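Here is the structure we will look at.
Just so it is clear: chains get the letters A, B, ... in the order the sequence lines come, proteins before strands, and each one is counted from 1. Because the structure is predicted, anything quoted here is derived from the model rather than measured.
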2 protein chains.
Amino acid sequence: MNIGDAAKASGVSAKMIRYYEQTGLIPPADRTASGYRDYSDKDVHVLRFIRRSRDLGFSVAEITELLALWQDRSRQSADVKALARSHITALRQKIENLQQMADTLQTLADCCAGDHRPDCPILTDLETDDDDLLVVKPRTGAI
Amino acid sequence: MNIGDAAKASGVSAKMIRYYEQTGLIPPADRTASGYRDYSDKDVHVLRFIRRSRDLGFSVAEITELLALWQDRSRQSADVKALARSHITALRQKIENLQQMADTLQTLADCCAGDHRPDCPILTDLETDDDDLLVVKPRTGAI
DNA sequence: GATAGGGCTTCCCATGGTGGTAAGGTCAAG
DNA sequence: CTTGACCTTACCACCATGGGAAGCCCTATC
């Protein structure tokens with residue numbers, strides 16, 4: 001199977017398949033006599049695994065570990081679970097950061113008249129010399 | 001004031017100050033006779049504005065707009081509010097994506113024994129040929 | 001006045017994951 | 001045999017940030 005077909009079958013773009021090969025996430029593909037990469041159903045299966053992992057937000061480095069575990073028949077599910085939980089923690093941290101930003105901004109937007117006048121609490125907040133950032137608590141005169 | 005002091009005073013690294021200048025977010029700084037960049041308190045004020053905006057997740061492109069509005073005395077607060085709301089929407093979208101990932105992963109992790117045995121629903125899910133991704137609903141035999 | 005150290009300058013490189021594009025080879029159908 | 005679709009490699013770009021090297025400048029101490 002050519003790279004284009006493998007891409008369609010796996011949902012990973014041809015571009016990314018080459019990239020994954022180049023960076024060592026997957027081993028170099030077999031080549032036809034003319035130099036085309038040649039993929040088996042098994043290869044596509046691996047690519048699907050990778051895509052699914054990416055969809056769940058795992059980094060390529062983490063996927064390297066996941067793949068190793070996946071292909072290790074004597075793995076311990078505890079190792080997989082630990083990896084997953086560590087990733088969940090990272091995701092939750094990111095969510096928290098973004099939520100904090102959104103909350104702060106929402107609070108500011110709620111205070112903004114949003115009309116033709118120039119006065120705007122959002123800008124006032126942005127120029128505030130306050131170093132306690134991203135906190136949605138009353139700030140002297142700012143909110 | 002040298003760039004190092006401006007960095008300390010604003011919370012923006014010297015590296016990033018140069019970058020912002022180079023990319024046109026801020027105008028070229030004044031220079032001393034010997035070629036050192038020279039910053040005023042006003043410049044630091046702008047840098048603080050930028051840092052605060054970055055802390056709220058605005059991109060440099062968005063900050064360009066925010067700065068323009070900030071420095072436009074005849075601005076309309078509606079424009080600022082629109083920018084903020086559009087950013088809030090983007091943040092919420094990101095949060096939703098991450099939340100979906102975290103939920104799916106949490107569900108899988110909850111189903112994983114996490115012991116010495118190799119059987120692991122997380123890996124089973126990752127290799128599933130299911131294209132309806134990121135959905136935390138029962139999937140035939142996968143969860 | 002010399003020297004040491006820290007700060008400044010520019011320039012280049014790397015990150016991560018993805019897309020684009022250009023020049024050229026290959027394959028299959030008409 | 002031509003055409004078009006596909007493949008190859010090799011670059012460039014994104015975005016925001018950090019690292020480092022080579023060399024100049026400033027200040028403090030001896």
Side-chain angles (χ1 to χ4, degrees), chain A residues 1-26 28-40 43-44 47-67 87 90-91 94 97-98 101 133, chain B residues 1-26 28-40 43-44 47-67 87 90-91 94 97-98 101 133:
Chain A
M1 186 186 332
N2 280 347
I3 198 170
D5 296 320
K8 270 174 211 147
S10 67
V12 180
S13 73
K15 206 80 183 177
M16 290 313 298
I17 296 176
R18 294 194 196 97
Y19 171 75
Y20 292 150
E21 176 181 318
Q22 192 197 327
T23 55
L25 177 62
I26 54 179
D30 289 343
R31 300 283 185 143
T32 66
S34 61
Y36 283 20
R37 286 178 182 79
D38 190 26
Y39 296 92
S40 66
D43 294 327
V44 170
L47 288 171
R48 275 179 181 278
F49 182 97
I50 293 171
R51 184 190 57 128
R52 175 79 174 130
S53 302
R54 290 290 301 139
D55 287 341
L56 285 177
F58 285 100
S59 69
V60 169
E62 287 166 327
I63 298 176
T64 303
E65 297 183 60
L66 283 173
L67 277 177
H87 184 49
L91 286 172
K94 274 189 198 171
N97 289 342
L98 294 174
M101 294 180 196
L133 298 171
Chain B
M1 187 185 332
N2 281 347
I3 198 171
D5 297 319
K8 271 174 213 150
S10 66
V12 180
S13 73
K15 208 79 181 171
M16 290 312 299
I17 296 176
R18 294 194 196 98
Y19 171 75
Y20 291 150
E21 176 182 316
Q22 193 197 326
T23 56
L25 178 62
I26 54 178
D30 289 343
R31 299 284 184 141
T32 65
S34 61
Y36 282 19
R37 287 179 181 79
D38 190 25
Y39 296 91
S40 66
D43 295 326
V44 170
L47 288 171
R48 276 178 180 278
F49 182 98
I50 292 172
R51 183 190 56 129
R52 175 81 174 129
S53 302
R54 289 290 301 139
D55 287 341
L56 286 176
F58 286 101
S59 69
V60 169
E62 287 167 325
I63 298 175
T64 303
E65 297 182 60
L66 283 172
L67 276 177
H87 184 50
L91 287 172
K94 274 189 199 170
N97 289 342
L98 294 174
M101 295 180 194
L133 299 170

message = If I take atom CG in residue Asp5(B) and atom P in nucleotide dG6(C), what distance separates them, rounded to the nearest angstrom?
response = 16 Å
request  = Let me know the distance between CZ of Arg18(B) and P of dG18(D), rounded to the nearest Å.
outcome  = 12 Å
ask   = Starting at the 5' end of DNA chain C, which residue's closest nucleotide do you reach first, Tyr36(A) or Gly35(B)?
value = Gly35(B)
inquiry  = Please determine whether a side-chain nitrogen or oxygen atom of Ser34(B) lies at a distance below 4.0 Å from atom OP1 or OP2 of dC26(D).
reply    = yes
Atom pairs, N/O to N/O, protein against nucleotides 15-19 of chain C, distance under 3.5 Å?
from: dG17(C); atom 1: OP1; to: Val60(A); atom 2: N; distance (Å): 3.4
from: dG17(C); atom 1: O3'; to: Arg54(A); atom 2: NH2; distance (Å): 3.1
from: dT18(C); atom 1: OP2; to: Tyr20(A); atom 2: OH; distance (Å): 2.9
from: dG19(C); atom 1: OP2; to: Ser13(A); atom 2: OG; distance (Å): 3.3

request  = Mark yes or no for whether Asp43(A), through its side chain, and Ser40(A), through its backbone, hold a donor-acceptor pair below 3.5 Å.
outcome  = yes
ask   = What is the distance from CD1 of Ile17(B) to P of dC8(C), rounded to the nearest Å?
value = 10 Å
ask   = Quick check: does any side chain N or O of Glu65(A) sit under 3.5 Å from a backbone N or O of Glu62(A), one acting as donor and the other as acceptor?
value = no
task = Using atom CG of Asp38(A) as one end and atom P of dC27(C) as the other, report the distance to the nearest whole Å.
result = 12 Å
ask   = Any donor and acceptor pair, going by atom type alone, linking the side chain of Asp38(B) with main-chain N or O of Met1(B) inside 3.5 Å?
value = yes
query = What is the distance, rounded to the nearest whole Å, between atom CD of Glu21(A) and atom P of dC7(D)?
reply = 14 Å
note = Rounded to the nearest 0.5 Å, the CZ atom of Arg51(A) sits from the CD1 atom of Ile17(A) at a distance of 11.5 Å
inquiry  = Any base atoms under 4.0 Å from Arg37(B), or only sugar-phosphate, or nothing? Heavy atoms, all strands.
reply    = sugar-phosphate
note = In this structure, CZ of Phe58(A) is separated from OG1 of Thr64(A) (nearest 0.5 Å) by 12.0 Å
inquiry  = Between C1' on dC8(C) and CZ on Arg31(B), what's the gap in Å once rounded to a whole number?
reply    = 10 Å
inquiry  = What is the separation between atom OH on Tyr39(B) and atom C1' on dC8(C), rounded to the nearest whole Å?
reply    = 11 Å
inquiry  = From CD of Gln22(B) over to P of dC14(D), roughly how many Å is that when rounded to an integer?
reply    = 11 Å
task = Could you tell me which non-hydrogen atom of Leu56(A) sits nearest to which non-hydrogen atom of His87(A), and how far apart they are?
result = O-NE2, 2.9 Å
inquiry  = On a heavy-atom basis, which atom in Ala7(A) and which in Ser13(A) lie closest, and how many Å separate them?
reply    = CB-C, 4.0 Å
